[in-house]
K.L.:
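Structure in structure tokens, see below.
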Amino acid sequence: MPILSEYGSINLKLSREQAASLQSTGYVEVVPALDGRWKVTASSYVGSLVVDGVELLIRPKINPENLFLLLEPGLPPNAWRKEAFSYDSTSDLLPSVVAFFARTVETTLGRGILRAYESRQEPLVALRGRLDVSQQFKRAGVLTPVSCTFDDFSEDIVENRVTRAALRG
């Protein structure tokens, strides 16, 4: 697998179709070079690129540890240990992304599940919070259930739903 750095160039033997496929991604620029080869220049995107039978690895110009720290601004600088980060020694970015995701989830959930207040409107048997007068008058003469508006301190919030979906993904 050819390896180049961010904004770096490499000459590769490609077919016209492969060159066109690489160019169409927008992640690299491909121009003809000498002897039927093509000059492939990386842009600001990093990672593994697989198109039309061509595999490229584009490494960042900064330390890979710093790249992942940019993705999680709340992570302390010493959060990445060498044994958990293998992007320098392997040609595949996926294990590093998985390690990053697992450590971020572990750090986030290590303090407990996030809870927050969410405003709810529900008909309840007993009054909770404030009486929702407009909803209650829509059912004139009916005493129960009582239309209530209240703030509920819950773990069923958007952030936790997104984390759950990513873990199931």
K.L.:
Could you label the plane-to-plane angle of the Tyr45 and Tyr27 rings as parallel, tilted or perpendicular, counting under 30° as parallel and over 60° as perpendicular?
P.N.:
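Judged by the thresholds at 30° and 60°, the geometry between Tyr45 and Tyr27 is perpendicular.
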
K.L.:
Could you measure the distance from the CZ atom of Arg115 to the CD atom of Glu155? Nearest 0.5 Å is fine.
P.N.:
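If we round to the nearest 0.5 Å, Arg115:CZ and Glu155:CD are 4.5 Å apart.
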
K.L.:
Is the shortest side-chain heavy-atom distance between Pro145 and Leu124 below 4.5 Å?
P.N.:
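Not touching, per the 4.5 Å side-chain cut-off.
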
K.L.:
Considering residues, nucleotides and ligands other than Phe137, do more than 12 of their heavy atoms fall under 6.0 Å from its CZ?
P.N.:
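Atom CZ in Phe137 is not crowded, with 12 or fewer foreign heavy atoms closer than 6.0 Å.
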
K.L.:
Taking it one step at a time, do Asp156 and Arg161 satisfy side-chain contact (heavy atoms from CB on, under 4.5 Å)?
P.N.:
CA-CA 7 Å; Asp156 187 23; Arg161 285 185 226 135; 3.0 Å; yes

K.L.:
Of all the heavy-atom pairs spanning Phe101 and Ala166, show the shortest one and how long it is.
P.N.:
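That would be CZ-CB, 3.9 Å.
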
K.L.:
Treating Glu6 as the side-chain partner and Lys61 as the backbone partner, does any N or O pair qualify as donor plus acceptor under 3.5 Å?
P.N.:
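Yes: the side chain of Glu6 pairs with the backbone of Lys61.
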
K.L.:
Apply side-chain contact (heavy atoms from CB on, under 4.5 Å) to residues Val146 and Gln136 and explain how you reach the verdict.
P.N.:
CA-CA 7 Å; Val146 179; Gln136 190 66 30; 4.1 Å; yes

K.L.:
May I ask you to test the Thr41-Val31 pair for a side-chain heavy-atom distance under 4.5 Å?
P.N.:
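No. Closest side-chain heavy atoms not under 4.5 Å.
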
K.L.:
So which atom in Val28 and which in Leu22 form the shortest heavy-atom distance, rounded to 0.1 Å?
P.N.:
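In this case the closest contact between Val28 and Leu22 is CG2-O, 3.5 Å.
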
K.L.:
Has the side chain of Gln23 got a donor or acceptor atom that lies under 3.5 Å from a matching backbone atom of Val30?
P.N.:
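Answer holds: yes.
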
K.L.:
For Gln135 and Ser147, indicate whether the former's side chain and the latter's backbone hold a donor-acceptor pair under 3.5 Å.
P.N.:
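The answer is no, because no donor-acceptor pair under 3.5 Å joins these two groups.
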
K.L.:
Which atom pair, heavy atoms only, marks the closest approach of Ile58 to Ala42?
P.N.:
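Scanning both residues, the minimum pair turns out to be CG2-CB, 3.7 Å.
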
K.L.:
Considering all heavy atoms of both residues, which atom of Val50 and which atom of Glu55 are nearest to each other, and what is their separation?
P.N.:
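Looking at all heavy atoms of both residues, the shortest contact is CG2-CG, 3.9 Å.
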
K.L.:
Are any non-hydrogen side-chain atoms of Asp152 and Arg128 less than 4.5 angstrom apart?
P.N.:
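The answer is yes; the side chains approach within 4.5 Å.
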
K.L.:
Quick one: does Arg16's side chain get under 4.5 Å of Trp38's, heavy atoms only?
P.N.:
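Arg16 vs Trp38: side chains touch.
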
K.L.:
Could you pull out the closest heavy-atom pair between Ala33 and Asn11, with the gap in Å?
P.N.:
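Minimum heavy-atom contact is CB-OD1, 4.0 Å.
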
K.L.:
Please walk me through it: do Thr108 and Thr163 pass side-chain contact (heavy atoms from CB on, under 4.5 Å)?
P.N.:
CA-CA 10 Å; Thr108 302; Thr163 302; 5.8 Å; no

K.L.:
If we only count heavy atoms from C-beta on, is the Leu14 to Val40 side-chain gap below 4.5 Å?
P.N.:
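Of all side-chain heavy-atom pairs linking Val40 with Leu14, at least one is under 4.5 Å.
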
K.L.:
Say you draw a straight line from CD of Gln121 to OG1 of Thr149; how long is it, rounded to the nearest 0.5 Å?
P.N.:
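Output value for this atom pair is 4.5 Å.
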
K.L.:
If the threshold is 4.0 Å, N to carboxylate O, is there a salt bridge linking Glu118 and Arg120?
P.N.:
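Result for this pair is yes, salt bridge flagged.
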
K.L.:
In a check of side-chain contact (heavy atoms from CB on, under 4.5 Å) between Leu56 and each of Ile3, Leu12, Val51, Thr25, which one passes?
P.N.:
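The residue from Ile3, Leu12, Val51, Thr25 that satisfies side-chain contact (heavy atoms from CB on, under 4.5 Å) with Leu56 turns out to be Leu12.
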
K.L.:
For Tyr7 and Ser44, work out which heavy atoms get closest and say how close.
P.N.:
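So the minimum-distance heavy-atom pair works out to OH-CB, 3.1 Å.
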
K.L.:
Using side-chain contact (heavy atoms from CB on, under 4.5 Å) as the criterion, point out the one residue from Val125, Leu127, Asp132 that pairs with Cys148.
P.N.:
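Answer to the side-chain contact (heavy atoms from CB on, under 4.5 Å) test with Cys148 among Val125, Leu127, Asp132: Leu127.
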
